Every structure is written in C-alpha cells, then in structure tokens.
Amino acid sequence: MGRGRVELKRIENKINRQVTFSKRRNGLLKKAYELSVLCDAEVALIIFSSRGKLYEFGSAGMTKTLERYQRCNFNPQDNSVEHETQSWYQEVSKLKGKYDSLQRTQRHLLGEDLGPLSVKELQNLEKQLEGALAQTRQRKTQIMIEQMEELRRKERHLGDMNEQLKMKVSLELSLLQAEGQGFTTLPCSWNTTTASAGNSSFTLQPQPNSMDCDNEPILQIGYHFVPGESSVARSMASDGNIIQGWVL
C-alpha cells in the first residue's frame with residue numbers, strides 16, 4: 001500500500017514534533033540550495049524553531065538579500081533606478097560586443113588573424129577589399145581631375161595678367177619714346193656758354209708784400225696772376241709755387 005496523505009495540523013507529541021522539524025528543516029535547506037545552484041537564483045531562507053533557535057541560508061549573503069528585499073518593497077523609486085541600471089548594463093554589453101566585432105573586422109581587413117576564417121569568409125573579405133580599392137581609385141581620379149581643372153584656371157588667369165602687363169609696358173615705352181623725341185628737338189647752348197666763360201677776365205686784388213724772413217722757408221698760398229698767360233701755364237706755375245713753398 002502507498003503512503004497515505006498526512007493531515008496538516010500541529011503534532012501534539014513533543015518528540016515526534018521535534019523529529020519532524022529536524023527532517024523537514026534539512027530538506028527545506030537542501031531544496032533552497034539546489035534552487036539557487038540550478039536556476040542561478042538569489043535565495044534566502046530564515047527559520048526559527050519553537051524554542052527560538054535560528055536557522056538560515058543565503059546564496060548571496062543574508063544581509064545583501066535582505067537589503068535588496070527592502071529596496072524592492074519599501075522604496076519603489078530605488079526599484080526603478082535598479083531596473084534602469086540593469087537596462088544600461090545590458091546596453092553596455094551589446095555595445096561592447098559590437099566594438100569587439102568591429103575590431104575583429106578591422107584586423108581582418110588589415111590581413112591579421114586570418115587563421116580562424118573559412119574559405120567563404122575569406123572570399124567575402126576579398127570582395128570587400130576589391131570594392132574598397134575600386135572606390136579609392138575612383139576618388140583619387142576625381143581629385144586629380146579637379147586639381148587639373150584648378151591648375152588650368154590659374155594658367156588662364158596668369159595668361160590674362162601677362163597680356164595686360166605686356167600692353168601696359170608697351171604703352172609706357174611708347175610714352176618714353178615720345179618724350180625722348182621732344183628732348184632732342186631742343187637747342188643746345190653748352191658750347192657758347194663755355195666759350196663766353198673762357199673769354200671772361202677776372203680782376204684780382206694785389207697781394208700785400210709778405211714779411212721778409214731770413215733763411216726760413218716761405219709757405220705761399222695761391223698764385224700770382226699774370227695777364228696774357230694761358231690757364232694751363234697758370235696752373236703749372238701755381239703747382240710749382242706750391243711745391244717750392246713746401247720744400248725745406
């Protein structure tokens with residue numbers, strides 16, 4: 001015969017009550033431990049016996065579980081903050097996974113860590129590199145064409161400036177030539193002026209008699225003007241007088 005259903009009521013026999021408490025307490029603690037391990041749950045169990053003795057079990061620590069219990073039941077605002085923190089943690093985990101994936105892809109594009117890749121993945125990587133190379137060449141060609149157009153535009157601008165400078169220089173040269181022709185038509189009177197200056201006579205004041213000094217050299221400044229002598233002779237005579245005056 002199977003085991004009958006036990007009636008749930010207080011056991012009157014003191015010894016039987018104590019034995020039943022010990023057995024069921026151990027079973028309950030075992031079940032709490034199994035639940036925390038199998039389901040990764042945070043379990044806390046508190047038991048007080050009829051004599052006031054305490055039995056407890058906490059998978060993450062009894063104090064920590066009680067604080068979490070108080071936050072969830074007595075402070076709804078903190079509960080919402082905890083949910084928000086959990087959502088942010090999940091978002092950070094997703095972003096970290098994406099970052100790792102992008103770094104792995106970058107290493108593959110640089111030709112690193114290609115060992116774990118299969119043939120299909122290598123073919124896809126090759127197609128990506130060929131497409132990137134084609135786009136790079138196209139962009140380079142476009143930039144070179146734009147630079148050539150800019151250089152041609154500068155060349156045309158410099159050519160226009162050169163033509164303008166040529167016209168300006170030719171105009172100034174024509175003006176200078178016209179002014180030079182105007183100067184050559186004027187009469188020159190330099191010869192007549194020189195001749196009149198040569199025929200002019202100068203009146204010289206007579207020099208006072210110098211004091212006679214016995215046996216001492218005489219320093220004579222200037223020259224004696226003799227009428228009728230040429231300018232060359234006068235200059236030569238004056239040079240001789242100056243030299244004789246300085247000779248000791």
Side-chain angles (χ1 to χ4, degrees), residues 1-140:
M1 293 178 64
R3 183 179 178 182
R5 185 176 181 181
V6 179
E7 184 180 1
L8 294 177
K9 67 176 183 179
R10 184 175 181 273
I11 299 174
E12 297 297 334
N13 190 347
K14 185 178 180 181
I15 297 175
N16 292 337
R17 185 168 66 243
Q18 186 63 30
V19 171
T20 303
F21 173 76
S22 298
K23 291 181 179 180
R24 296 201 175 229
R25 180 200 64 200
N26 294 334
L28 183 59
L29 291 174
K30 183 180 178 180
K31 291 293 182 183
Y33 171 73
E34 292 176 353
L35 179 63
S36 64
V37 173
L38 295 175
C39 301
D40 194 17
E42 186 177 351
V43 180
L45 177 62
I46 300 174
I47 301 174
F48 288 98
S49 66
S50 60
R51 296 179 181 179
K53 193 174 182 179
L54 173 64
Y55 302 92
E56 64 179 12
F57 168 77
S59 60
M62 184 60 65
T63 305
K64 182 179 178 180
T65 304
L66 289 175
E67 290 176 355
R68 184 175 180 181
Y69 174 77
Q70 290 177 356
R71 288 197 303 269
C72 291
N73 287 336
F74 301 104
N75 197 348
Q77 185 177 0
D78 293 342
N79 190 15
S80 63
V81 171
E82 184 178 356
H83 284 295
E84 186 177 359
T85 305
Q86 188 70 19
S87 64
W88 279 112
Y89 178 76
Q90 293 177 358
E91 187 69 21
V92 168
S93 301
K94 291 180 181 178
L95 292 175
K96 189 176 182 299
K98 290 182 179 179
Y99 175 73
D100 294 338
S101 177
L102 290 173
Q103 275 196 336
R104 186 168 54 254
T105 304
Q106 184 181 6
R107 288 196 299 270
H108 292 164
L109 291 173
L110 294 175
E112 301 175 357
D113 299 339
L114 299 178
L117 298 180
S118 62
V119 177
K120 186 176 181 180
E121 291 175 345
L122 289 173
Q123 288 177 353
N124 293 332
L125 181 61
E126 185 179 3
K127 290 181 181 179
Q128 291 179 1
L129 291 174
E130 288 177 354
L133 182 59
Q135 291 180 359
T136 303
R137 288 176 177 173
Q138 183 179 1
R139 178 58 181 167
K140 183 182 71 172

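Here the structure is a predicted model, which is why all the values come from computation and not from measurement. This chain uses plain numbering: 1 for the first residue, then up along the sequence.
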Residues that Thr20 engages under side chain to side chain contact (heavy atoms under 4.5 Å, CB included), provided they are two or more places apart:
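Result, side chain to side chain contact (heavy atoms under 4.5 Å, CB included) vs Thr20: Ile11, Arg24.
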For this session: Would you please name every residue forming a salt bridge (charged side-chain N to carboxylate O under 4.0 Å, His left out) with Asp40, sequence neighbours left out?
Result: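 Salt bridge (charged side-chain N to carboxylate O under 4.0 Å, His left out) check on Asp40 returns nothing, list empty.
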Arg104: what forms a salt bridge (charged side-chain N to carboxylate O under 4.0 Å, His left out) with it, not counting sequence neighbours?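 Arg104 satisfies salt bridge (charged side-chain N to carboxylate O under 4.0 Å, His left out) with no residue once adjacent residues are dropped.
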- Does CD belonging to Gln138 count more than 12 external heavy atoms closer than 6.0 Å?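 Atom CD in Gln138 is not crowded, with 12 or fewer foreign heavy atoms closer than 6.0 Å.
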Leu95 atom CG, over 12 foreign heavy atoms within 6.0 Å:
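Buried by this count: over 12 neighbours within 6.0 Å.
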query = Which atoms form the tightest heavy-atom contact between Leu114 and His108, and what is the distance?
reply =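 Distance-wise, the nearest heavy atoms are CD2-O, 3.8 Å.
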Q | Separation between CZ of Arg68 and OG1 of Thr63, rounded to the nearest 0.5 Å | A |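 It comes to 15.0 Å.
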* To do: Would you please name every residue forming a side chain to side chain donor-acceptor pair (under 3.5 Å) with Gln18, sequence neighbours left out?
  =>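 Gln18 satisfies side chain to side chain donor-acceptor pair (under 3.5 Å) with no residue once adjacent residues are dropped.
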Pairs of donor and acceptor atoms involving the side chains of residues 51-61, under 3.5 Å and at least two apart or interchain, shall be tabulated with distances.
{"residue": "Tyr55", "atom": "OH", "partner": "Arg25", "partner atom": "NH1", "Å": "3.1"}
{"residue": "Ser59", "atom": "OG", "partner": "Val43", "partner atom": "N", "Å": "2.8"}
{"residue": "Ser59", "atom": "OG", "partner": "Val43", "partner atom": "O", "Å": "3.3"}

Open item on the list: If you define the side chain from C-beta out and look only at heavy atoms, does anything of Arg10 sit under 4.5 Å from Glu12?
Closed with: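 Touching, per the 4.5 Å side-chain cut-off.
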Quiz item: Is any side-chain heavy atom of Lys31 closer than 4.5 Å to a side-chain heavy atom of Leu35?
Solution: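 No, their side chains stay 4.5 Å or more apart.
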Residues 119-137 side chain polar contacts: donor-acceptor under 3.5 Å, at least two apart:
{"residue": "Glu121", "atom": "OE1", "partner": "Ser118", "partner atom": "N", "Å": "3.2"}
{"residue": "Asn124", "atom": "ND2", "partner": "Lys120", "partner atom": "O", "Å": "3.3"}
{"residue": "Thr136", "atom": "OG1", "partner": "Ala132", "partner atom": "O", "Å": "2.7"}

